[in-house]
Every structure is written in structure tokens, then in C-alpha cells.
Amino acid sequence: MQNLTRNLVGTLSNRIGGVIAAIGGAIVLAGCGALMTFVLAPGQAVKASQIAKMPQMDAQYVSAAAPGADILITGYLTGTAPNSKLPEFIAYNQEEWDVTRSTNTDGTPQPPSGSWMHVGTVVPNLSLDMNGSPVNVLSVNNAMFSGSAMHEEVVRAPSTQSQFTADYQGQPLPDGSMRYTGFFNGDLVTILGKKSSGDGVIPEELFSGDRVAFEQHQKDAAKALLFMGIAAMVCSPFIAISGVFAALLGRGKRLA
């Protein structure tokens, strides 16, 4: 009798926990959707509009600009690799593959999943060749990288370092592996930044491509945020309902 009572209490507790988790997850999803729809997407749209209105700039324009002025320039990036182990990268992002293992509400294990965790950004002093005229690009550690033409290199962690793996591009990748994305010597790059107090530009974003592609990238980002935000808000009630039914019916099947 005591065992039966304990099982019933445990089952009820698990069901309530599953329902709360489903509703809580749906609320979080709806909140994220609202944030993307009403805050992030309009902000990105304003940024895209401001970038499109910026004048065409050459090396002389940059040299004559006042400190703190917004700069948007395109050219061929050159410099020296800051890391001897990555001889082709002159600027890069470093990310680490983080494998997580979780269980379903009934305690059965889920397949491991992996995600890239940002480690750091390396941008040394570089030069941007603009039709034969160089513009100094100053060293920073917080610039944003974007564009589909960036180079990528994945360094697998030794199998002795981690026994956990998760699929990346259809292949198992060990926990602790590193990914480097960035730019090689001679890459065509568009840089958004500020004029420094001296001779050069403080980069805020480096894009792999020309200005036309960069402007389109900014517009596409605003549309994507709006679409994802609306989709999240629309899907959140369905996720809540399906989660509640899964928590209740799944437990019922287990008891049967």
C-alpha cells in the first residue's frame, strides 16, 4: 500500500513537473519571439537603413574624417597571421564545441547535442587595400564577423580528451574541438567601424564581401529576425499544448 501511494505521488509530481516545464518553455519562447519582433527586428532595420545611406568612401575620405566618425569601407585585407598554428588566418573567431547530454521527462536519455561556444576574437593590426591606397585597421578583440564567404577550419579534439561526441555537419565531433572562422590574406572585406583619433579605423564588423552584399546582408538579417519572432509567438501555444499532452499521456502509458 505504501509503495502504491509512493508511486502515485511520484507519478503525479512528474506529471505536474512536465506540465509546468511545457508551459514555462512556451512562455519563454513567446517572450523571445516578442523580443525579436518588437525590439531586435526594428533595431536591425534601422541599422540597415543607416548603412544604406552612408556615402561611398575611399582612403582619402577616411584620412580626412573626424575622430569617431562612422566609416564603411571595402577593400582587400592584408596582414600577418597572429597565430603560428593558424598560418593562413590573419583575423579569426575561435569557438569550442560543447557537447551536452540530457534526458526526457521519463528518464530515458536523449541523443547528445552540440553547440559552438564563443572563446574569443582575434583582430590584430591589419591593412585594407583600397584601389592601391592602404587604410590601417586597428587591433580589437570584440569585432563582429559576418558573411558566408568566411574561411573555416575545425580542429578535432583528441579522442583521449573526451569520450562525448555530437553530430556536426553529419559527422561525430568530440567535445572540446575548436572551430576557427575568419579571413585570409587578400580576402575582399567590407568594414564597418569608427575613425580612430589617429590614423586608422576601429573595426566593429568585418563582412566577407563587397558593400552591396553587406547592405543586403543587413536587410536580410532584419527580415529573418521578424520572421523568427512571429514564428516563435505563433508556435508557442501549440508547443505548450503538445507538451502538456505529452507529459500527461506519456506518464499514463508508462503506468499502464
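For S115, the side-chain hydrogen bond (donor to acceptor under 3.5 Å, both in side chains) test picks out no residue, with sequence neighbours left out. When the salt bridge (Lys or Arg N to Asp or Glu O under 4.0 Å) test is applied to K219, no partner is found at least two apart in sequence or on another chain. Residues forming a side-chain hydrogen bond (donor to acceptor under 3.5 Å, both in side chains) with D167 (at least two apart in sequence, or on another chain): none. The side-chain hydrogen bond (donor to acceptor under 3.5 Å, both in side chains) search around T74 returns T190, not counting sequence neighbours. The salt bridge (Lys or Arg N to Asp or Glu O under 4.0 Å) check on D70 picks up K194, with sequence neighbours excluded.
For the pair S208 and F183, the minimum side-chain heavy-atom distance is below 4.5 Å. For the pair Q94/V122, no side-chain contact is recorded, criterion being any heavy-atom separation below 4.5 Å from C-beta on. Between V135 and I73 the shortest side-chain heavy-atom distance falls below 4.5 Å. In this structure, N125 and L138 have side chains that are in contact, with non-hydrogen atoms separated by less than 4.5 Å. Under the 4.5 Å side-chain criterion, counting only non-hydrogen atoms from C-beta, S139 is not in contact with V123.
Note that OG of S49 is 10.0 Å distant from CD of E215, once rounded to the nearest 0.5 Å. Put simply, CD on E204 and CG on N142 are 8.5 Å apart, with the number rounded to the nearest 0.5 Å. Here the CD1 atom belonging to I27 is positioned 12.5 Å from the CD1 atom belonging to I239, to the nearest 0.5 angstrom. E95 CD to M178 CE: the interatomic distance, rounded to the nearest 0.5 Å, is 10.5 Å. For the atom pair OG (S236) and CD1 (I23), the distance works out to 12.0 Å, reported to the nearest 0.5 Å. One finds the CD1 atom of I202 at 7.0 Å from the OG atom of S197 (value rounded to the nearest 0.5 Å).
Around atom CG of N131, no more than 12 heavy atoms belonging to other residues, nucleotides or ligands sit under 6.0 Å away. Crowding of M144 atom CE: a count of heavy atoms from other residues, nucleotides or ligands under 6.0 Å not exceeding 12.
Hydrophobic clustering (side-chain heavy atoms under 4.5 Å, transitive across Ile, Leu, Val, Met, Phe, Trp, Tyr) keeps M233 apart from L226. If you chain together hydrophobic residues whose side chains sit under 4.5 Å apart, F164 and W116 fall into the same group. Residues M36 and V39 share a hydrophobic cluster, clusters being chains of Ile/Leu/Val/Met/Phe/Trp/Tyr side chains in contact below 4.5 Å. In the hydrophobic clustering of this structure, L128 groups with M150; members are Ile, Leu, Val, Met, Phe, Trp, Tyr whose side-chain heavy atoms approach within less than 4.5 Å, directly or through other members. Placement of L225 and L35 within a single hydrophobic cluster is found when ILVMFWY residues are connected by side-chain heavy-atom separations under 4.5 Å, directly or transitively.
For A166 against S113, the heavy-atom pair with the smallest separation is CB-C, 3.7 Å. Residues A143 and P203 approach most closely at CB-O, 4.0 Å, considering heavy atoms. Here the closest heavy-atom approach between residue V62 and residue K195 is recorded as O-NZ, 3.0 Å. Here the closest heavy-atom approach between residue Y61 and residue D58 is recorded as N-OD1, 2.8 Å. Looking at every heavy atom in both residues, M54 comes nearest to M57 through CE-CE, 3.7 Å. Here the shortest heavy-atom pairing between G33 and A232 reads CA-CB, 3.7 Å.
Within the structure, salt bridge (Lys or Arg N to Asp or Glu O under 4.0 Å) contacts touching residues 31-52 (residues at least two apart or in different chains) are K47-E205. Among pairs with a residue in residues 193-213, those fulfilling ring pair (Phe, Tyr, Trp, His ring centres under 6.0 Å) read F207-F214, F207-H217, at least two apart in sequence or across chains. Residue pairs that meet the salt bridge (Lys or Arg N to Asp or Glu O under 4.0 Å) test with at least one member in residues 23-32, sequence neighbours left out, do not exist here. Pairs of residues two or more places apart, or lying in two chains, never qualify as side-chain hydrogen bond (donor to acceptor under 3.5 Å, both in side chains) while including a residue from residues 30-39. Residue pairs meeting the side-chain hydrogen bond (donor to acceptor under 3.5 Å, both in side chains) criterion with at least one partner in residues 147-158, sequence neighbours excluded, are H151-D187, E152-Y168. The salt bridge (Lys or Arg N to Asp or Glu O under 4.0 Å) pairs that include a residue from residues 115-136 number zero, where partners must be two or more places apart or lie in different chains.
Judged by distance alone, with hydrogens and angles left aside, the side-chain atoms of D175 form a donor-acceptor pair with the main-chain N or O of V99 at under 3.5 Å. Put simply, the side chain of Q44 gets close to the backbone of Q218: a donor and an acceptor are under 3.5 Å apart. Formation of a donor-acceptor pair under 3.5 Å by the K223 side chain with backbone atoms of A45 is not found in this model.
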*asked:* Please evaluate residues N185 and T78 with respect to the criterion side chain to side chain donor-acceptor pair (under 3.5 Å), reporting the C-alpha separation (whole Å), side-chain torsions for both, the decisive distance (0.1 Å), and the verdict.
replied: CA-CA 5 Å; N185 253 315; T78 61; 4.9 Å; no
*Stepwise side chain to side chain contact (heavy atoms under 4.5 Å, CB included) test for V137 and V189*: CA-CA 12 Å; V137 180; V189 176; over 6 Å; no
Can you give me every donor-acceptor pair (side chain of residues 80-92, partner residue at least two apart or in another chain, under 3.5 Å) with its distance?
from: N83; atom 1: OD1; to: K85; atom 2: N; distance (Å): 2.9
from: N83; atom 1: ND2; to: Y92; atom 2: OH; distance (Å): 3.4

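A side-chain donor from one of N93 and T121 sits under 3.5 Å from a side-chain acceptor of the other.
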